[in-house]
Amino acid sequence: MECTATMPDRPEKVYFFGTCLIDLCFPRAGMAGMELLQREGIQVIYPQQQSCCGQPAYNSGFPDEARQVARQQLKAFPQDYPVIVPSGSCGGMLKHHYPKLFADQPEAAEAQHLASRVFELTEFLVNVLGVELEDRGQPIKVTWHSSCSALREMRVIEYSKSLVRQLKNVEVIELQRERECCGFGGSFSVKQADLSSAMVADKVADIEQTGASLLLSGDCGCLMHIGGALEHRKIAIPVKHIAEFILERTRG
Amino acid sequence: MAETVVVDFPKNFTRALNDGQLRRNLRAAMDTLGMRRRTLFSDPVAFEQLRARGDAIRQRALRQLPELLERLETKCTANGIQVHWAETPAQANGICLEILRRHKATRVIKGKSMVSEEMHLNHFLEEHGVEALETDLGEYIIQLDHETPSHIIVPAIHKNRDQIARLFHEKIPDTPYTEVVEELNAIARKVLREKFFAGEVGVSGVNFAVAETGTLCLVENEGNGRMCTTAPPVHIAVMGLEKVVERLEDVPPLLRLLTGSATGQLITTYFNMITSPRKQGEKDGPKEVHLILLDNGRSKIWADPELRQTLKCIRCGACMNHCPVYTRLGGHAYGYVYPGPIGSILTPQLEGLDHAGAMATASSFCGACEEVCPVKIPIVDILRRLRVESYNKQDASNAVKGHGYKTNATESLTWKAWALSNAVPWINAVNAKLLGLLGPLLPRLPAWGIVKGWRQSRALPRFAGKSLHALAKESRIRDE
Ligand code: SF4
């Protein structure tokens, strides 16, 4: 797997961008992400001024509104620290789309500066911090969902999976169509509800056939979507963000 | 001629999604095509290099498009090929008919051509008393069943063998029922053979036109393209004007990318290069070759630097083979000639957003198309741009046809409110608190609007009692 950015040396401090979805629905995943960093001796800063990366509006055809929200993030993360994001999707927005969104704006340089400091959580844990995990949990079979943005935009899936593979009591059973989208796509899931439902139905069937008792992913958007579909069908396979999972299994 | 097509996207989508047979046929076919492509491009580094070259070639061609087209015309003319320019499909059809009339021709044999589909040429010719017979096997199959192509490379991909067996048995006189592929091939071959010799004019598409030499390149697997372009005394080639490349040496990398991406072939069985009509002393080949260059909105697309990238397309179909939406809908549900990811960026620009804008919403932005596109078209960026244009009421000179069709107060206000709440920290904090308090109630909300769409197959998300902002503060995580 190729490296997507020049990795910095081990920093003293990092920013944590929690993402709006984690903020509202999966805060424990966010807390776990920060704890994993702190545990490695990194000082974590969580700017209370942060909100959403702006992607919902950006992908729906409302770039002005997206910029308005994105400007607030430019303000919230001004220092030269790495910005760690527990999501391929929001990380991709900051890293790959902010420069485009601000290309002809006064904040172009600021956006570039932020983009160049963005790292997805697992890529940072593996590449910069070289974390080593000791599994203290019971044997478990899990399966892994790759979000499209983590896979194709941030290209960090190998890092995420390498962390799970470090856990010796965890057996990962791969999906048959791991590279296929779960059908979330933000507003796509409601604007094209039929299509999105057809896609997630296939994803759910794929998850079921693995026989795993837990679904992991690095993106809470997908987890909310797939988790909702599992619950709708009354299938008792819970979903969990990788950060929370790793923390639980390695905590003393 | 330019009849306005009204496509009922929601109805089409629902119908396609409920068609289990179609879903199974498509899944099987797409899996095979995808696997073949992966086998051929098994070395990712080599593939990246090759497609960087393909991208560069197409970009260079588009940069100098007007000059290259002029050069192509000059060269072709010098070689004896008659060049015609058509701004609209109606004009292109008119030119075809005029040529046919001049030769008193009433029977046309056709090789596969998506541009002729764009012109609805068969239908037009039929209306004017000309029989147009498709000779590509897939095209022949769907013509028998009065259908249009559902895929730009494999037009009958939505049908499986049993369906084709039944179709042949029912539609071709004196044909016993058989499911044996070789026998089905033999049946089609027998019918087509006779027609090849009766054809008075051959019509084909063009995969690449080389400006430097005035050469028309045609890629095919069945030999029917060669028959159509050599057996009848007149050959008409129809081409979208973006298909021109600068030099002959540009062709091999593009050809490799095209066949590899489309069917996983190193090279197709036939590759035709047509540079002139039959010359004096030659024993075969058509006496007349015509090239019709169709614009149909392409020059408008070309004028916009971002949208221009749409025109890099070499029509390999890989984007649809890998698209999770196309795989579940098939081509017909899109309602227009070009389906899948390329169709979703091209069609709204050709037909206008007010007609085909919904195609730009039928994507989860998963990016599987971009990952395989052999000329690196930023399909997702262009889809996003089309979504922006759908709400863009201002009259910008480079705006896409039919822009602003979606503008509505409710949606604009919703996004304005969303932006405000996410741009102003204290509003955001209050909202988070409210949602936290309301959280437990949400799963019991009545099903309306977007909630309804979500709830049709997914339980509603629960809002956490405390936001990450609140938890971080409680845990004294530094706020700078
Ligand atoms: S957009 Fe790319 S992948 Fe799709 S048909 Fe065109 S060249 Fe092929």
Side-chain angles (χ1 to χ4, degrees), chain A residues 16 18 20 22-28 30-31 34 43-49 51-52 54 56-63 65-66 68-69 71-72 79 100 148-149 152-153 179-181 183-186 188-201 224-225 228-229 231-232, chain B residues 10 13-14 17 324-325 328-329 361-368 370-371 381 384 387-391 406 412 415-416 418-425 428-429 432 435-436 450-464 466-473 475 477-480:
Chain A
F16 196 79
C20 65
I22 286 186
D23 188 33
L24 294 176
C25 296
F26 299 87
R28 284 204 310 256
M31 289 306 289
M34 288 194 271
Q43 194 180 112
V44 176
I45 301 161
Y46 181 88
Q48 288 284 336
Q49 300 276 307
S51 56
C52 167
Y58 180 66
N59 279 350
S60 299
F62 290 84
E65 285 76 5
Q68 197 184 336
V69 170
R71 258 186 212 110
Q72 177 59 27
Q79 299 301 326
K100 288 190 255 180
C148 297
S149 41
R152 304 197 176 90
E153 202 162 61
R179 297 177 63 83
E180 190 170 274
C181 177
F184 176 49
F188 172 78
S189 61
V190 287
K191 287 195 176 169
Q192 293 287 355
D194 289 349
L195 263 173
S196 169
S197 297
M199 287 161 76
V200 80
M224 174 176 80
H225 186 233
E231 193 185 327
H232 182 86
Chain B
F13 286 9
T14 310
L17 289 170
V325 171
R328 288 175 176 83
L329 291 178
T361 68
S363 166
S364 64
F365 284 4
C366 78
E370 277 185 25
E371 190 178 37
D381 282 349
R384 192 182 291 109
R387 290 186 185 180
V388 174
E389 296 280 347
S390 299
Y391 296 99
K406 248 183 141 177
S412 303
W415 285 114
K416 283 212 161 66
W418 169 88
L420 196 67
S421 117
N422 279 289
V424 183
N428 189 32
L435 286 172
I450 58 168
V451 178
K452 185 173 169 200
W454 179 272
R455 280 186 64 173
Q456 94 184 38
S457 65
R458 292 144 298 203
L460 282 179
R462 284 187 190 74
F463 290 95
K466 274 184 190 165
S467 67
L468 182 63
H469 277 80
L471 290 179
K473 206 178 241 162
S475 306
I477 293 180
R478 277 179 67 163
D479 166 24
E480 279 182 16

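Every chain is numbered from 1, with letters handed out A, B, ... down the list of sequences.
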Can the ring centres of A:Phe188 and B:Phe365 be said to be less than 6.0 Å apart? no
Non-hydrogen atoms of chain B under 4.5 Å away: do they reach the side chain of A:Ser60, the backbone, both or neither? both
Counting only heavy atoms closer than 4.5 Å, note whether B:Glu480 contacts chain A via side chain, backbone, both or neither.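 Contact with chain A involves both backbone and side-chain atoms of B:Glu480.
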Check step by step if side-chain hydrogen bond (donor to acceptor under 3.5 Å, both in side chains) holds for A:Asp194 and B:Gln456. CA-CA 8 Å; A:Asp194 289 349; B:Gln456 94 184 38; 2.8 Å; yes
Kindly compute the distance separating CD (A:Gln68) from CH2 (B:Trp415), expressed to the nearest 0.5 Å.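 The CD atom of A:Gln68 sits 12.5 Å away from the CH2 atom of B:Trp415.
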Out of B:Ala470, B:Ala362, B:Ser475, B:Ser421, return the one with the most heavy atom pairs under 4.5 angstrom to chain A. B:Ala362
Between chain A and each of B:Ala472, B:Pro425, B:Ser364, count heavy-atom pairs under 4.5 Å; write down the option with the most. B:Ser364
Do the ring planes of B:His469 and A:Tyr46 sit parallel (below 30°), tilted (30 to 60°) or perpendicular (above 60°)? perpendicular
Taking all atoms of both residues into account, what is the closest heavy-atom pair of A:Leu195 and B:Leu17, and its distance?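 Residues A:Leu195 and B:Leu17, closest heavy atoms: N-CD1, 3.8 Å.
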Between B:Arg458 and A:Val200, is there a donor-acceptor pair closer than 3.5 Å when you use the side chain of the first and the backbone of the second?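 Here the side-chain-to-backbone pair does not exist.
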Name the option with the most non-hydrogen atom pairs under 4.5 Å to chain B; the candidates are A:Gln49, A:Met31, A:Lys191.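 The candidate making the most pairs under 4.5 Å is A:Met31.
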I'd like to check B:Asn422 versus A:Glu65 (side-chain heavy atoms, cut-off strictly below 4.5 Å). Are they in contact?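 No, every pair of side-chain atoms sits at 4.5 Å or beyond.
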